[in-house]
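Everything below concerns the one structure shown next.
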Amino acid sequence: MPELPEVETIRRTLTSVLIGQEIQGVEVLLEKAVKPSSEQLIRALVGRKIVELRRRGKYLLLLLDDDSRVAFHLRMTGRLLFLPKLTPLEKHTTLVLNFTDDHSLRFVDPRKFGTVVLYWPSTPPESLKKLGPEPLETEKAVVVSSLTTAAARRKGPVKGLLLDQRVIAGLGNIYTDETLFLAGIRPTRSVREITAAEWEKIYQSILTVLELAIEHRGTSRRDYVDGRGEPGNHQCYLQVYDRKKKPCLVCGSEIQYTRVAGRGTYYCPACQH
DNA sequence: GAACCCCTGGTT
DNA sequence: AACCAGGGGTTC
């Protein structure tokens with residue numbers, strides 16, 4: 001589901017209501033979603049207070065008052081919602097954190113792909129440790145160098161490289177297509193043919209696309225809502241994603257749909273080369 | 001790298 | 001009934 005702009009919006013909408021909350025109880029309704037185990041999670045979390053919310057790539061991190069952390073990954077359909085305890089549990093609720101103030105944090109995930117991991121910062125899970133640079137919070141040279149060094153030692157379409165979380169953190173299927181449209185580059189282009197000037201253009205496009213999407217509080221196509229249950233607005237501003245056979249908003253050509261790097265992919269045959 | 005898998009639900 | 005979906009881990 002959510003990519004960087006959606007997770008960032010969830011983080012922003014949950015920060016003010018979660019900071020300082022004390023965890024009174026934990027309900028695990030889907031054992032396979034949590035690590036190390038529901039027993040250990042419950043033992044570690046009850047009595048803890050939330051001191052900070054962070055985002056790393058597409059992960060939302062809860063920092064607790066004993067320095068432990070909980071990482072949520074929402075995958076395709078996960079939602080994190082702050083609701084009164086009295087609100088009935090919605091179908092497909094995976095995890096509930098109950099606080100001492102009669103509110104709760106619900107993790108709802110119809111496809112059950114989402115994960116919740118408790119860890120200590122000294123021993124982060126592999127998936128977090130391997131993440132590439134944060135596009136919005138890392139200096140340009142570091143991000144561009146991550147893209148170009150990865151490009152030098154791999155083959156295949158440029159879209160696949162941008163989707164690789166080890167190369168750059170936070171881009172998913174929507175924002176790679178939007179980025180490559182803005183950069184004027186076809187998703188199918190081989191990483192080997194991309195010039196230095198084009199990598200610069202891709203980098204700038206990533207920043208523009210992500211910042212605008214955050215301003216619009218994320219893209220709600222089907223499942224995504226923020227921590228208050230409100231949809232985002234960026235679906236109204238998408239240039240190519242989900243616009244198969246519709247006219248390009250820049251040139252009027254018919255937006256093409258194909259499969260690249262295993263994902264449904266949209267591009268303008270005239271604007272992108 | 002591509003292909004398949006984990007799941008449920010919406011669309012064609 | 002078949003195919004598709006804001007993801008990513010594991011297997012060829």
Exercise. When you measure from the side chain of A/Arg221, which nucleotide among C/dA5, B/dC7, B/dA2 comes out closest?
Worked result: C/dA5

For this session: Give A/Gly156 one of three labels, base, sugar-phosphate or nothing, depending on what nucleic acid heavy atoms sit under 4.0 Å from its own.
Result: sugar-phosphate

Problem set entry | NZ/NE/NH1/NH2 to OD/OE distance under 4.0 Å, A/Arg189 and A/Glu198 | yes

For this session: Report which part of the nucleic acid A/Gly114 touches: base, sugar-phosphate, or nothing (heavy-atom distance under 4.0 Å, all strands).
Result: nothing

Problem set entry | 5'-most by nearest nucleotide on DNA chain C - A/Arg111 or A/Gln165 | A/Arg111

Exercise. Within this structure, what is the NZ-to-C1' distance between A/Lys159 and B/dG1, rounded to whole angstrom?
Worked result: 15 Å

Seminar exercise, completed: A/Asp109 CG to B/dT8 P, in whole Å, measures 11 Å

Exercise. Can you tell me how far P of B/dC6 sits from CG of A/Leu74, to the nearest Å?
Worked result: 21 Å

For this session: Respond yes when some side-chain nitrogen or oxygen of A/Lys32 is under 4.0 Å from OP1 or OP2 of B/dC6, and no when none is.
Result: no

Seminar exercise, completed: note: A/Asp223, atom CG; B/dC7, atom P; distance rounded to Å ~ 17 Å

Exercise. Looking at the side chain of A/Ser127, which of C/dG7, C/dG9, C/dA5 is the nearest nucleotide?
Worked result: C/dG9

For this session: Mind calculating the distance between CZ (A/Arg222) and C1' (C/dC3) to the nearest angstrom?
Result: 11 Å

Exercise. Given the P atoms of C/dT11 and B/dC7, what is the spacing between them in whole Å?
Worked result: 16 Å

For this session: Indicate whether the side chain of A/Ser127 and that of A/Tyr59 have a donor and an acceptor atom separated by less than 3.5 Å.
Result: yes

For this session: Indicate whether OP1 or OP2 belonging to C/dA5 is found under 4.0 Å from a side-chain N or O atom of A/Tyr257.
Result: yes

For this session: Classify the side-chain pair A/Arg221/A/Thr219 by whether it contains a donor and acceptor separated by less than 3.5 Å.
Result: no

Exercise. For A/Ala151 and A/Arg192, which heavy atoms make the closest approach, and how far apart are they?
Worked result: O-NE, 3.5 Å

Seminar exercise, completed: From the list A/Val28, A/Val34, A/Thr94, side-chain contact (heavy atoms from CB on, under 4.5 Å) with A/Phe107 holds only for A/Thr94

For this session: Using a cut-off of strictly less than 4.0 Å, decide whether A/Lys155 has a side-chain nitrogen or oxygen near OP1 or OP2 of B/dA2.
Result: no

Problem set entry | Carboxylate-amine/guanidinium proximity below 4.0 Å for A/Glu6 and A/Arg55 | no

Exercise. Atom CG of A/Asp242 to atom C1' of C/dA5: distance rounded to whole Å?
Worked result: 10 Å

Exercise. Among B/dA2, B/dG9, C/dG9, which is the nearest nucleotide to the side chain of A/Tyr59?
Worked result: C/dG9

Exercise. Base, sugar-phosphate, or nothing for A/Arg166, non-hydrogen atoms under 4.0 angstrom?
Worked result: nothing

Problem set entry | Nearest listed nucleotide, side chain of A/Lys112, among B/dC7, B/dG1, C/dG7 | B/dC7

Exercise. Within the structure shown, what part of the strands sits under 4.0 Å from A/Lys91 by heavy-atom distance: base, sugar-phosphate, or nothing?
Worked result: sugar-phosphate

Problem set entry | C/dA1: pairing nucleotide in any strand, Watson-Crick or G-U under 3.5 angstrom | B/dT12

For this session: May I have the distance from A/Phe113 (atom CZ) to B/dC4 (atom P), rounded to whole angstrom?
Result: 16 Å

For this session: Could you check how far CZ of A/Arg263 sits from P of C/dG9, rounded to whole Å?
Result: 13 Å

